[in-house]
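One structure below.
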Amino acid sequence: MPKITIRFTQDSVPLEEERDFYLDLFRSLGLKSRMLFDEQEFEITAQTKVTLFGMETSVPQGLQTERSWVCRLIEKEGFLLFSVGGWFWAASLKNSNHLKKSSHPEEMIAKLPVDLRVLSLKQSNEVNDLRSLSSLSSLTSLNLDNCWRVTDISALSGLSNLTSINLSCCRLTDISALSGLTGLTKLDLSANYLIEDFSPLEGLIALENLNLSATGDILSQQDLFVISKLTSLTKLNLRRGGSRYEIKDLSSLSCLTNLTNLDLSDFAAITDLSPLSCLKALTVLNLTDCISIKDISPLSDLTALRDLKLFGCNSITKLDPIGKIPSLEELKFTSRRIKSVESLRNIPALREVTEFNPPEVAELLAHTAYLRSDRDCIKWYSKDWLKEAKDWREDTSSLQDRFAATLGEAFSLLGEDSIAEDYEAFLDGRPDFSSAPWKAWFGGTLKESGFVLYRQRVERVAVSQMLPSAIGGACSTLPYEDQPEWSREWLMSLEIACLSDAKKLLSVAPEICLAHARLDLSEALRRWLEAFTDPSDPGALDPVHAALAGFQLALNHLDAAESHIFAIESPSLKDPMLANLISSYPATDSDRASAQLLLIAAPATRRELAKTLVTIPEYSMSEVAMQRLVVAMDDSPEALGELIALLPPSAAPSQLIQQISASLQLDRQSTLRKISDELHQQADRLLILKK
Amino acid sequence: MPTPSRLVRVFISSTFRDFIQERDELVKKVFPELRRRAKERFVEILEVDLRWGITEEQAKGGETLRICLEEIDRCRPSAPVFFIGLLGERYGWIPEKDYFKPDVLEDPKLGWVKEHIVEGKSVTELEILHGVLRNDEMRDKAYFYFRQDGYEQRHWSKIEKHHAAANPPITREDFTNAKSENPEADEEKQRDLKRRIRDTSLQWDPKDYETPEDLAALVASDLWDAIDRLFPISAVPDALERESLEHRVFMESRTRAYVEREGLFEKLDEFFLLPNQAFRQETSADEAEQEEEDEPDSAPTPPSVRVVLGESGSGKSALLAAWLKRRDEDVAFFHFVGSTPSSVSASSLLRRMLATLRSRGVVPASEAIPHADEAMAELLPFWLEKLSERGGGILLFDAVNQLGSARDRELWWWPDKWPENIRVVFSTLPGDSLRAMEKRGWKGEEFVLRIPPFQPEEKREMINRYMKDLFAREMEANLQQLILNAPQTSNPLFLRTVLDELRVRSAFGTLEKDLDEMLSCPDPAALFVHVLKNLERDFSPPEHPDLVHRALGLMGVALRGLSENEILQLLSASPYPSGEPLPRHYWAPLYLALEESLVSREGQLSFFHDYLRSAIWREYLDEDHELETAHARLAETVTRWREPDAFGSSLRAYGFEYGIRHLLDIRRVDDATDMILDQNYRRRAVESTRQASAIEEDVSRLRRAVALQANFSHEVAALLTIQALVGKTEPECHLRSRLDAAAASGDWEEALGIAGAQEDNSLRILLACRALLQSPGVLSEIQSGQISDVTHRWAKATGKPEWEEAIHLVLEVKSQPSSP
């Protein structure tokens, strides 16, 4: 790749005066503008675009092969002129307010070099007649932004080299002169609210960037159809600029599959976004003030989307579909109806969310930063986030609790870092938190930095302080496989310090007991269980038994699991565990399993499980088990019928089923119907009597 | 009182040895029959006869008379009371001056007795004086019956036969004043008493009669007329109204001596008055746009639920009851768990809630309430929507921690979402209910209203209110200070119980010692155990040393409140308890002592506070044999179902309704199975409860119990399953044939009773039509009037006016002499 050196000659206009020009140019070349008169080096390709006077333009062939660009920016005849090696590339009319009253811009244009490529007449009050431009046939980029006296652009029709025109804020009515400029890739017609006919654009199939924002309320469904033919478009701006807009149907846009940027602000009438769902390349989408949109589920298909604006979309109540866009980095919305950003939690790319409760957003962004292991981001924001967490005064402490846990996860990625001390101090000051933050913090540390730092951090929290959340966090992260010795020692120190006052640790009893079970410390476990037991509220130990039962179930220790499950008082905890246990028994244990099935309190759970079990041959063949399955279905014949229908075809009908079906010849349904028919007949008889 | 209590007390006063026959006639024939008839009207009759079973001379120290007189007083304010006075020739026993203990005579309410003792009045006359002659309120409620003189001459052989077993033997002299110290004076006193009774302008003139049978007929007809006037058949409440009434009685009882707690009402009011933001989530886009402007920016959604939390006895129910009284119109439904035995199941709670919403017109009367619990719970949110459309309201659930099953306590029956203009209040203790609520996110100050302990000034107010207002006594300052200083008395229940004990024990003159003992109890639970110990010490008659133990054990185990009558039968040692209940005088002192700790509904007694129940369980039911004994005794009410006279009608009904459960509690699965599988048993049970669903639940329970046995008979299991599947079909058929038979024999009260017992509104009226069509011949004017009254109520409740027309039509046809 050829390397080119660049520098400006000393007689150029100083940096301070034309700061924007230099900044744009150097930035577009990836260089520093401060080193104006020093030589700098850059690489160039065929695609390289240079920004000159606010316009992007490609580098002419001749310059691409030069070794060195000696540049000059001079002021002459009211113009700023930019040249390379003496060849004039671009020109920009100086701010016309400074021009003398007598000077005519048209005359000045006529004096410009004829092979000029780039011309900016931006914000020229005086320019209205463009005929003088027709001689500049080499022009590729033309900026007439804010030339509000320009109404006639017919002179441009001959400038066939043009690739980029900015006609923003002119007063155009007729744009037919553009129809022949088929080389155009970029066209800005924004804020020309008098244009009536957009059909001249139809043939401009090379257009990549089209800005029709604020072209009045006249854009019609038909015009959208014209635009839909411009399939090279990557950027399309149809922002309406305030006035509410009647177009309802976006379906013609669906073929613009190259679009990366789309602005549909103020399309107040649209409700159906499904045409957008095939625009897979979209990275930026602006739907500001599309107030009728309720259903945003089509957006979940836009898997490249990085930037989404939903300001003012007040009909949206839930962000759930957006949660499925993994690439999303920025989301901006305002809607009073949106109560939660919960659904955005699994977007790893997410970096910015605005207009929502700051602590909740901070928690969300800390979480997504953790998801993508973005240590720089975490480091950068760590202090802000921690402050946000500290200052959050919210009644539902579970949210604060989660914030703290999220920060624990995220901060642990930083390894040894100054934030660690502040964070632990924050947790120390919040005894109302659960063990989750500590668990995240210790667990993350162990995973990220290894045992040494983990041990240091765990041991810093003295067990004698009896901070339940910290003890719970440590218990649930003990390295019981890799460091069993140390883990046992630590648990022993915990027991010595805290067993006598165990009730204070009741909130983390499951973690403590589970740690002992994992390390096979059954004696100590027994002591803890005893210490936790409160005869007046046996249900208080439910979570402990549930945790232990789950642990034993995972190991397939069914007897041990059973004893813990039986100790659970709360049916909403016990039922699912019982169901789990029952499903874990080998089929040969149908006797025991079916008896336990009857202990499930919730009828629906019981029936569902019975329907699963009945398909197992060992159950359908056992009289006892079948009886119990039948009882488990409760008393409705319909439910029993369901059960019978599920019997494996091979199963011999049990005596029970035979007996029942024989007796059901009575047919309960028809008997009932007979009774009610009879009653109604009598009632009718009375009414007839009356007539 | 908007509705009179459906408990009627009948006080019987007479001399003793000469009225054994009459009393037997009344107790064994008249009252059982009256009670049976009254049951149709859901009225309980209680005869009060303290001296039954003892002679006057045996009563010691005047206590009996005093209790006797107090009982008369006690019935007056709430429950209707009738006084039956039987007078023969004998004046009866006159107590000596020193017969009464000094504290009886000093009692301000009984002071008047003193002068009468000087005059040498008999105990019977004292009763009559106190009950009727000195008491204007009783003018229209007293019935006197005078036996013709010379009765014993004319009927001696019959009398002798009747009293054959009496010891000492009955003689002719027992019927006159011959044995008294001053026969002539007594004769004069008796004549004077009769004359004074005749001269007093009583509503009902005294009636003369000859034989005990004559008396029985008179009393039966007089009392039934009185009951019929008080509780006409057209005002018989249905099951829902009865249950609601019980909740209301409970509510009223909670507000006794309620001390208003600072700020708590305001907090609840505040909750109720939160701005109404109903349908916020559900509004359509158009409405949303309209409301956009007036909707305050980012106003947080106020939680539409409150949890009233406090330790046991802290006054949660009292607070809610008192608040409820103030907000009565805004409360769409309230439920005090534990106030009735059925109130502890979510199933009946749901049913009652739906039925109440329906009867309030939230949904049309023709809407059916599903049978299955889950189906009711699924329906509830829709009905709540309807309630919300009608402006919403408050739903109030007290003491959800007392719901019977753990699953119910976790509120599976309450929906996750409900309209915001429906405000819900739950009260609970810490424990599993509270944990379930926390799981739903109902925690933090926004949701939870904690009841603080009593402050000293609140304690003082309660002491004053309690002692002065309710018992017209004042407490000595040093005792009051002791109570105020004790930290436990910041628990209102503890304080209340202490005060109540002092009231009961004031007669014993050991107040200070008692108080010391009570204040050494650390908490209400211990205090109640102490109370039980006291009861046992003071109210165990030598003949029945385990009376307290047994009586309270039975009440603790019973599945609904027991009436005094039922308790006396259950305590009886006789093989036929209905004929020989435990004499009342053994039980009455215990009852009077316990009264403030009990709630009475239609005469059925249950515990005012769950603490007493748990103390009883801890003390009297903690051992297997105790439980076994209590359950077995209650189970007898059903195992002896073939013997119609073993227990009285209400205990018999109890047996059919709850007996199987008691049997299962003591693992007598086989006995229960035998009964359930006996067609005759099933018929009797259905006849008794008049509900086709009567034994459905028992069958379910039994199926489960059988299936859980290690080895069970598959034949039995299959039979039970079939029984379960057949469900209501068989009982429905049976009920219909009973209805037809009753109608055919002209017993339309029975027929309407069967129809009226049905839960389903349409079914009621259908059955009534059926009964009327079946009944032969002409109906009397009164009959048709009453039928018309009853069916009009039901027809209104069905929401189908054509039913009423139909009924009227058939009445017209039936009331005219039939023409070909």
Check your understanding: How many angstroms lie between CG in A:L613 and OH in A:Y619, if you round to the nearest 0.5 Å?
Key -> 4.5 Å
Which one wins on heavy-atom pair count under 4.5 Å against chain B: [options]?
options: A:A601, A:P571, A:S572; answer: A:P571
options: A:S594, A:A540, A:P603; answer: A:P603
options: A:P538, A:A602, A:A595; answer: A:A602
options: A:E569, A:K574, A:Q596, A:R606; answer: A:R606

Is a side-chain donor-acceptor pair under 3.5 Å present for [Y] with [X]?
X: B:H371; Y: B:E696; answer: yes
X: B:S347; Y: B:D373; answer: yes
X: A:S570; Y: B:D432; answer: no

Review point. Quick one: ring-ring contact (aromatic ring centres under 6.0 Å, His included) partners of A:F311, sequence neighbours excluded?
Key: none
Review point. What option among B:Q723, B:E730, B:R409, B:R435 has the most heavy-atom pairs under 4.5 Å with chain A?
Key: B:R435
Exercise for review: Under 4.5 Å heavy-atom distance to chain A, tell me which part of B:Q709 shows up: side chain, backbone, both or neither.
Suggested key: backbone
